**Student:** 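Please read through the structure below; I'll follow up with questions.
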Amino acid sequence: MPYPMEGLPRRVTVYEVGPRDGLQNEAAIVPVEVKAEFIDRLADAGHTVIEATSFVHPRWVPQLADAGELLTRLDRRPGVRYPVLVPNERGLDRALEHGVTEIAVFASATETFAAKNLNRTLDSQFEMFEPVVSRALQHGVQVRAYVSMCFGDPWEGPTPIEQVVAVGERLLGLGCHELSLGDTIGVGTPGHVTALIEAFGSPERLAVHFHDTYGQALGNTLAALRAGVTTVDASTGGIGGCPYAESATGNLATEDLVWMLEGLGIETGLDLDKLVSTSTWLADRLGRPSPSRVVQALAKG
């Protein structure tokens with residue numbers, strides 16, 4: 001039985017990142033037919049947005065080298081969005097060739113991570129994003145922007161809020177329709193989350209992306225919801241992390257998120273039993289149990 005709390009949204013969109021952000025961090029290459037079935041199962045569970053893959057160069061993320069083939073295999077359902085991550089104009093070219101209607105770009109809130117992940121400075125990274133966003137919009141393709149290291153950086157320590165806001169507002173100014181604030185190494189806490197969201201002035205175009213390194217992902221999510229955010233990134237089974245930050249552990253598990261939201265009476269449109277079934281199915285193919293607490297509890301009956 002749900003027990004609602006005041007000040008929370010009635011409905012939350014769960015932005016499923018498991019097929020991209022989850023599988024890109026796996027040591028083994030997952031067969032393309034398994035990825036396609038994974039995405040179809042997620043759609044069957046009620047997801048309306050599933051980040052399918054990435055057109056990053058295979059040398060950097062070999063786990064997603066089959067992006068083009070995967071998109072040709074997808075059984076795209078009406079009402080379901082299948083965005084893909086693109087790093088640059090070449091990635092955009094490939095996405096457009098496959099009829100993608102929504103993409104995401106990946107920015108950094110810190111100087112060191114911009115250098116290590118993008119081979120750019122904090123300022124010059126926008127030289128890479130500007131033509132991608134501009135051309136995408138010209139083709140009628142929506143663009144989401146991720147910002148990494150919004151709460152802390154393993155090399156620089158805590159990230160100044162004003163620095164995150166400056167990066168985020170610049171991305172929104174380019175024409176990105178949504179900005180996902182990433183706690184890449186999972187060091188954020190609820191007060192910090194609230195302060196960052198409030199610093200943007202309006203939460204309407206913000207989403208949040210939490211990692212559970214220190215067990216703060218659900219608490220941080222609740223703080224974000226109280227601050228007005230209604231889109232939360234999550235990964236089925238809690239798989240994933242960040243291949244460029246060794247201290248990053250798994251994403252917030254979709255099932256753990258849905259359990260909390262259902263308990264609060266917040267609608268998601270997701271079928272928790274089907275999500276758990278999908279996670280146990282995937283765990284068998286990955287050869288290890290799901291880190292999601294809800295999957296572990298419900299799978300045992």
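Just so it is clear, the model here is predicted, and its values are computed rather than measured.
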**Student:** Taking Thr53 for its side chain and Val84 for its backbone only, find out whether a donor-acceptor pair lies under 3.5 Å.
**Tutor:** no
**Student:** Supply the atom-to-atom distance His47 NE2 to Lys274 NZ, rounded to the nearest 0.5 angstrom.
**Tutor:**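 Spacing of NE2 (His47) from NZ (Lys274) equals 12.0 Å.
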**Student:** Please tell me whether His98 and Phe55 form a close aromatic pair, meaning their ring centres lie under 6.0 Å apart.
**Tutor:** yes
**Student:** Carefully, step by step, assess Asn88 and His57 under the rule side-chain hydrogen bond (donor to acceptor under 3.5 Å, both in side chains).
**Tutor:** CA-CA 10 Å; Asn88 49 35; His57 195 287; over 6 Å; no
**Student:** Mind running salt bridge (Lys or Arg N to Asp or Glu O under 4.0 Å) on Asp66 and Arg73 for me, showing each step along the way?
**Tutor:** CA-CA 11 Å; Asp66 55 7; Arg73 287 174 175 258; over 6 Å; no
**Student:** Does CZ belonging to Arg11 count more than 12 external heavy atoms closer than 6.0 Å?
**Tutor:** yes
**Student:** If you count heavy atoms of other groups shown closer than 6.0 angstrom to CG of Asn119, is the number above 12?
**Tutor:** no
**Student:** Please evaluate residues Asp233 and Asn251 with respect to the criterion side-chain hydrogen bond (donor to acceptor under 3.5 Å, both in side chains), reporting the C-alpha separation (whole Å), side-chain torsions for both, the decisive distance (0.1 Å), and the verdict.
**Tutor:** CA-CA 9 Å; Asp233 297 0; Asn251 290 292; over 6 Å; no
**Student:** Quick one about Gln142 and Thr101 (side-chain donor to acceptor, distance below 3.5 Å, no hydrogens or angles considered), yes or no?
**Tutor:**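 Result is no, nothing qualifies.
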**Student:** Run the salt-bridge test on Asp153 and Lys116 with the 4.0 Å N-O cut-off and return the result as yes or no.
**Tutor:** no
**Student:** Evaluate the criterion salt bridge (Lys or Arg N to Asp or Glu O under 4.0 Å) for residue pair Arg81 and Glu102; output intermediate values, then yes/no.
**Tutor:** CA-CA 8 Å; Arg81 296 152 49 202; Glu102 185 174 344; 2.7 Å; yes
**Student:** List the atom of Leu71, the atom of Ala52, and the distance in Å for their closest heavy-atom pair.
**Tutor:**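 Smallest heavy-atom distance, with atoms named: CD2-CB, 4.3 Å.
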**Student:** Of the options Leu272, Leu270, Thr268, which is the one that meets Leu261 in a side-chain contact (heavy atoms from CB on, under 4.5 Å)?
**Tutor:**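 Exactly one candidate clears the test, Thr268.
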**Student:** Distance alone, cut at 3.5 Å: any donor-acceptor contact between the side chains of His192 and Asn220?
**Tutor:** no
**Student:** Check Asp40 with Lys35, please: is the shortest side-chain N to carboxylate O separation under 4.0 Å?
**Tutor:**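 Asp40 and Lys35: not salt-bridged.
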**Student:** When rounded to the nearest 0.5 angstrom, what distance separates CD in Glu16 from OG in Ser235?
**Tutor:**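 Interatomic distance, Glu16 CD to Ser235 OG, rounded to 0.5 Å: 5.5 Å.
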**Student:** Is it true that the side chains of Glu156 and Thr112 contain a donor and an acceptor less than 3.5 Å apart?
**Tutor:**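 There is such a pair (donor and acceptor under 3.5 Å, judged by atom type) between the side chains of Glu156 and Thr112.
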**Student:** Take Glu89 and Arg94 through the test salt bridge (Lys or Arg N to Asp or Glu O under 4.0 Å) and record every step on the way to the result.
**Tutor:** CA-CA 9 Å; Glu89 286 195 88; Arg94 295 177 64 200; over 6 Å; no
